[in-house]
Every structure is written in C-alpha cells, then in structure tokens.
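Heads up: the structure comes next, in structure tokens.
Chain naming here is simple, since letters A, B, ... match the order of the sequence lines and numbering starts at 1 in each.
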Protein chains: 2
Amino acid sequence: MSIGIRRRADERRRMTVGMKGIRRLAQHLDISIGTVSRALNGKPDVNEETRKRVLEAATELGYVPNQSGRSLRQGTTNIIGFMMQTGTEITGQGDIFFMSVFDGVQAVFARHKLDLVALLCSSQEDPNDYLRRVVARGFADGLILSATQRDDPRIEFLAERNIPFVTLGRSLTDAGQPWLDLDFEGMAQASIDRLVARGHRRIAITRPHDDVNLGYIFVDRCRRALAAHGLTLEEDLIFRSTPNEAGGYQIARDLLALEEPPTAIVLINETIAIGFYQALSEAGVKPGRDIAVIGRYSPHAHFLSPPLTCFRLSLRDLGIALAETLLSAMPAFKDHYPDAPANKVWPMELVEGESDSFLVPQH
Amino acid sequence: MSIGIRRRADERRRMTVGMKGIRRLAQHLDISIGTVSRALNGKPDVNEETRKRVLEAATELGYVPNQSGRSLRQGTTNIIGFMMQTGTEITGQGDIFFMSVFDGVQAVFARHKLDLVALLCSSQEDPNDYLRRVVARGFADGLILSATQRDDPRIEFLAERNIPFVTLGRSLTDAGQPWLDLDFEGMAQASIDRLVARGHRRIAITRPHDDVNLGYIFVDRCRRALAAHGLTLEEDLIFRSTPNEAGGYQIARDLLALEEPPTAIVLINETIAIGFYQALSEAGVKPGRDIAVIGRYSPHAHFLSPPLTCFRLSLRDLGIALAETLLSAMPAFKDHYPDAPANKVWPMELVEGESDSFLVPQH
DNA sequence: CATAGTTCCGTAAACGTTTACGGTAGCCAA
DNA sequence: TTGGCTACCGTAAACGTTTACGGAACTATG
C-alpha cells in the first residue's frame, strides 16, 4: 500500500466526518461509495471479503438506503399502491374484506421484494384528482384500483401514461387494461334459477350505488335470468340503499310495507344482511320460512339465524390473482407470470344455509 | 429582446426536445427551470404574469413534480404512514374501524397538504423488520402506529432516530412518545360497577391476544374494580379467544359448559359479540334475561337482538386527535397545535341496550 | 447623473443513490 | 519482456427537484 493512498484515505476520513448515508458507510470502511453500493446490491464486481465487511458495517451502523435517492436514480420505487377510499361506504365491503385481499397480494409481492401500501383517498377528495396528485408523481411502480366505477376516468389516465395497473371490478371504460371482477353474473343466474326452481315468482333484488358497475351487471343478469323463466323483474322490487347494516334494515322495512311483498330477495352486499334480518325479526318474519333470502358471505353470515344462504369466495386467493395479473402487466416481472389472465371473472361458491329453504306453494 | 437571447433560446429548444419533467415545462415556456419551480411552489420572486403562464402550461402538459426528486432535495415527503398489519386478526378491528379513523386523520392532514398512506405489514413479516425496511428509508415524515404491543421495540427504534410518531395504544416501552388510547380502564370500571349494582357476583371477562397491552390494562382494572366490591376475579372466568366472530362463539360454548356459569360477561372486542350471541341462542340462553352481556359498539351491535349494551366512541374524532397529536410532535407543524395533548385516554360512551337489563335475585 | 433599491430571473449546487466506464494490480502464457 | 486476461475498485455522471446566490433591468431618490 503506497503512502499516496494512505494519505488520501486519511484526508477522506477527516473531510467526511459527520456524513450521512452511503458516504458515511464508505468512509467508515475506507472504501468508495461505488463499491459499497455494489456490495449491498449483490452486484458481481466485488470481492466477497469486502462484501462481508460492508454488510456487517451496514447493520452495525444501521444503514438503510434512502428511498428517494434510490428511486430517483433507478426510476423505480418497488412500491405498489392499492387505491381505496376512506370514510365512505360506497363499496359496502366491511370488516376484514380488504385485510384478507391484502394478505394474498403480499404473498405474491414478497417474492419480488415489492411493498404494498394502501393509498387512501379521502372522501372529501375526488378520486381522479387524488390519482393525479399522488400517483403521477412517480410514487408507485404499479397500482391496484378498487371501487371501480362504471365510467372511470382513472383508467384512461393511467393507460395514457403507461403506468401498470389492474382494477378490481369491471368498467365500461376500456383501455385494454387488466381487470378482475367477482362473478356477479353467475351469482345472479344461480340465485334466480334456484329461487324459481323452488316456486318463487315475485323475486326482489338489491342494487348498490349507481357509480359502481356491478349494479348494472347484476341487475341486468337478474332480469335476463328471470326472462328465461318467463318472468319479469319488477321495478319496485329493485331496492337501493346504503350498503351497510342500516341500509339492509331499511330495505326490509320497505319490502314488508309493500302491498304484495315478494317471496324472495337476493342481497348483493355483504353487510346488509344483518340489518335485513333484524327488521324481519322485529316484524315476526322469519327467513327460510316466510321469505327466502340469498346474500353474500361475510364472517357474520355464518352466525345469523337461520344461517344465510350466500355466495362466498376466497379473498386471499383473489388477492393473489390480483397481484399476479398486475405483475404480468409490468415489464420487469411479466416473465414470471406468463399465463396470468389479463381479465378474469372470479367465481363464487354457493354456501347452502337455511334462509332460502322452503318451497312456495303453487297455485 | 436581443438577438443573443433569442439564439440561446432556440438552441435550448433544439437541445432539450424530448426532455421530461420540469425541464420540459421550462423548455416549452422558454424560461429557466428555477423560475418554473418557484412559480409552481408559490415563491414570491416571480412575476404574476409568468406564474400564470407556468400554471397553465403545467396543467396543459399534465406536469406533476416527481416525488423522489422533490423529497430528495427537501428531505421531506409530505407523507404520513399509518402502520397496520394485514391478514392477522390480532387487533380484531376490521376495515370499518380503520376507515373511520382514517377519515378523521385526513380531515386534519388536508389542511397541511399531507397525504396519508397505510403501510401494510404482512402477517408473514415481523413488524420491527418491516419498520426498519420501509420506514427508515425516509419514506414518511411521520408515523402512526397501531396494534401497539405491550413491549414494543418499534418505539425505541423511532425515538432514537427522531422520527415523529404517535401510537394508538399505550405501551410499557416509554420513550416519552405521544400516544392515544381508548379508555379501557373506564370501561372496565363502569362495567363492573354496573353489573355489581345489579346483583352480579360471578362476572366473566374476555381478554385479547397477549401481545397487546390493553389486555393487561383491562384485566387489571376489572380485578381492582371487583376487589373494591369485595369480589375476586376468578381465573377460569377470564376467557381468551381470537378476536372475531368465531372466537366469540367459542367463548360462549366454553362459558356455558362451566359447572357454575357466570351471570354476566364483559366482552372486550367488537366483533365477538356476534358469535357469542349465536352460541347463546343455540343453547336457548337469552342475553338480558339469562345472562348479562356488555360489549363494544360496532355497526352490528345495534342490530343484535336484544340490543347490546356497549361502549362506543367516535372513531372519526379519534382520528382527528391522532393527527393533531402527531403534528404537534413535528417541528414543522407544532405551532399549529399548541395544546394538542401528547397523551390522552380517549373516553367511551355507554350505549344502553337490553343485553344487561336484569337483576340477579339476591340470596 | 450617480446611487440605492426593487423586481425578476438564470445559474449552479445539492440531496443520496446507482452504474457505466476506466484503471490498477496480479497472474499467466507466449 | 510483452501482451492479454481476470478480479476488483474508484471516479464521476445522472436521476428531478429546490434554493442560495448573483446579476440584469428598471425605478426611485438624492
């Protein structure tokens, strides 16, 4: 080792005292920041001995690479955003719906060192503005959109900018984007067929907020399924409400107040069954005896009395599929998921309860 | 305008075609990037005429400043992270719980152009590792921690690094950090007093996962409250379970199987009441008649039959308080919140139902 | 006319990384 | 000795912003 080198090292140490980040680490080890970076990132051009020293020093000094610096240079953040709206009850997905989906998404992302964050759009802010503000900044490498609307400007916005994304829910806006959706058509068809087979002729349904596309899909399919049996979907048997317990309560009250109440109903949201049951109970009407009820699975559905006949799906698997579909749309990962479907209607499984187990006497 | 300037402008335009970001905007307007930046950020040293031009061009070209570049320079991200765990059911607090809290937090953050994102720690990963990995990168300017543990290493970690944060939930780990917590002591005291006043002597309680501190707080206060009435908290009347519907179901089964069941129970989690009610119902035991039940408010509680006597709080207000307490710990904002409390026990309000409305006959 | 002050703008450094490029030392073969 | 190869490392540019600094043009004041 020449004197020249040693002097330079001493000089560097003196000049860099109090430095931060990778420079501090380099100074501490008396090597260049380039080598430190390569060592930390597993690049080949570095002696295994020095790599070991670097890694040890990194944990010792508690060094963590700065996110902004890294992503500024690389143009990538290793972050995927899941956009969702807070405060509102537009989606009506309660309890641990999202938590379970997240769990599946993360199971896939963990393989690629990707982090999932939830981008929380306030109910006070327009989702499109939010998207522009937060996302177009280069915040995330990819996006998962929930609460997809029937016409959703976010889709065009992202497609134009070539930001990889997948939507949870179909939209009329078509930019060739990947999407996953629950099989509300299958649910509609199976529910109607099942109820008609048991003799029901006056069948009511619920529909969610006008913005969300699933309402149209569901209502339309119900109408067609009924038509196939020679029946019509009557307009006053389509109930709207907030997608929560109180909404379900109100629906039952309205339904019972009808001159000629329906003998069956299909509930599109998860949580409304609770309020619906309660209002029936107060009126002395029992599901499965006086009226047939079909709904969606939720952790409570199992504990309703009588047990709710409902459609269930694995939210964790849905999350996995969402992640794989998104990654297959990202150049950096697409090779890992050659046969992830770009669009998929996710099936739901019928869980037989007792809430629809009676036959309507035929006249 | 001199020829020199015009030539330079032409040259710049030619050289910068295809540029991105603020450079592209500057080139388009034929002014320097410094001026563009000042104009966009509302700095004083810029002509109002040019500022107007810049803003117009920005929206026209859809320019959004790059997050990494900005925060690299400023050392600030304008992002606050709310750390929560996915997939697990440790807290037993579902989506609705957090959504409502978020809504309050955002109401405050909106005033300061701060964005809230949820940092989702996978159930597969240790929360401490997660914190180091994601947060120490300089990802967020401040943090809100949920699912605070009895001994929580995250607190020391953040305190050492001077990262502003507030925890939702007390911890034994004390680094002088701000925290907010629900008043489980008040709930314990009021519940016990209420039940004892109605003649109950054998009172059961539930407790959550051992990691979370509230279990200790709650159990301890119940014990002391009982002692004040000359009663003891029997060990086999302390029930543990997963904090969900199924857990509540199991508790009821276990409770009814006791040789001498208690005449009252206090449920610490929100969702367990549903399963608890169901198991009682199956056994022909009616809350409010055969056993007294006190629980926590949830949107379902109102629709249980008979209505659950429970403790409620405004989650939105809690979110507001969380935000204000956090901001008062951040140098850049503390002046706005001079009297936000650093620590606060958040009160809960008793909602009288019918689930505990009976008197135990005295012997 | 000289000076000082104001208004506005351009220049360039800085933030913390990653990485293309070049260079040195050692080794081996011709 | 020369040349080439390998293994490793240092240098410096680049990513997209913000901002301290200085300077030009103009106005006001003496």
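Taking atom CD of Gln67(A) as the reference point, atom C1' of dC15(C) lies 15 Å away to the nearest angstrom. Across the protein-nucleic acid pair, Asn47(A) atom CG and dT6(D) atom C1' stand 13 Å apart, rounded to whole Å.
Applying the salt bridge (charged side-chain N to carboxylate O under 4.0 Å, His left out) test to Arg316(A) and every residue at least two apart in sequence or in another chain returns Asp103(A). In terms of the ring pair (Phe, Tyr, Trp, His ring centres under 6.0 Å) criterion, Tyr130(A) has no residue partners (sequence neighbours excluded). Here Phe157(B) pairs with nothing under the ring pair (Phe, Tyr, Trp, His ring centres under 6.0 Å) rule; sequence neighbours left out.
For dC9(D), one of the phosphate oxygens OP1 or OP2 lies less than 4.0 angstrom from a side-chain nitrogen or oxygen of Thr50(A).
Listed by first and then second residue, the salt bridge (charged side-chain N to carboxylate O under 4.0 Å, His left out) pairs that reach into residues 156-168 of chain B come to none, sequence neighbours excluded. The ring-ring contact (aromatic ring centres under 6.0 Å, His included) contacts involving residues 30-62 of chain A comprise nothing, where partners must be two or more places apart or lie in separate chains.
The bend of the helix from dC1(C)-dG30(D) to dA30(C)-dT1(D), defined by the angle between the axes of its first five and last five pairs, stands at 60° to the nearest 10°.
For the pair Phe165(A)/Ile155(A), a side-chain contact is recorded, criterion being any heavy-atom separation below 4.5 Å from C-beta on.
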Please tabulate, for the side chains in residues 75-84 of chain B, all donor-acceptor contacts under 3.5 angstrom to protein atoms that are two or more places apart in sequence or on a different chain.
| residue | atom | partner | partner atom | Å |
| --- | --- | --- | --- | --- |
| Thr76(B) | OG1 | Asp141(B) | OD1 | 3.4 |
| Thr76(B) | OG1 | Asp141(B) | OD2 | 2.6 |
| Thr77(B) | OG1 | Ile79(B) | N | 3.2 |
| Thr77(B) | OG1 | Phe139(B) | O | 3.3 |
| Thr77(B) | OG1 | Asp141(B) | N | 3.4 |
| Thr77(B) | OG1 | Asp141(B) | OD1 | 3.0 |

Using atom types as modelled, flag every donor-acceptor pair under 3.5 Å from a side chain in residues 321-333 of chain B to any protein atom, sequence neighbours excluded.
| residue | atom | partner | partner atom | Å |
| --- | --- | --- | --- | --- |
| Thr325(B) | OG1 | Ala321(B) | O | 3.0 |
| Thr325(B) | OG1 | Pro341(B) | O | 3.0 |
| Ser328(B) | OG | Thr325(B) | O | 2.8 |

Which parts of nucleotides 16-24 of chain D does protein reach within less than 4.0 Å, heavy atoms only, written one letter per nucleotide 5' to 3' as B for base, S for sugar-phosphate only and - for none?
-> BBBBB----
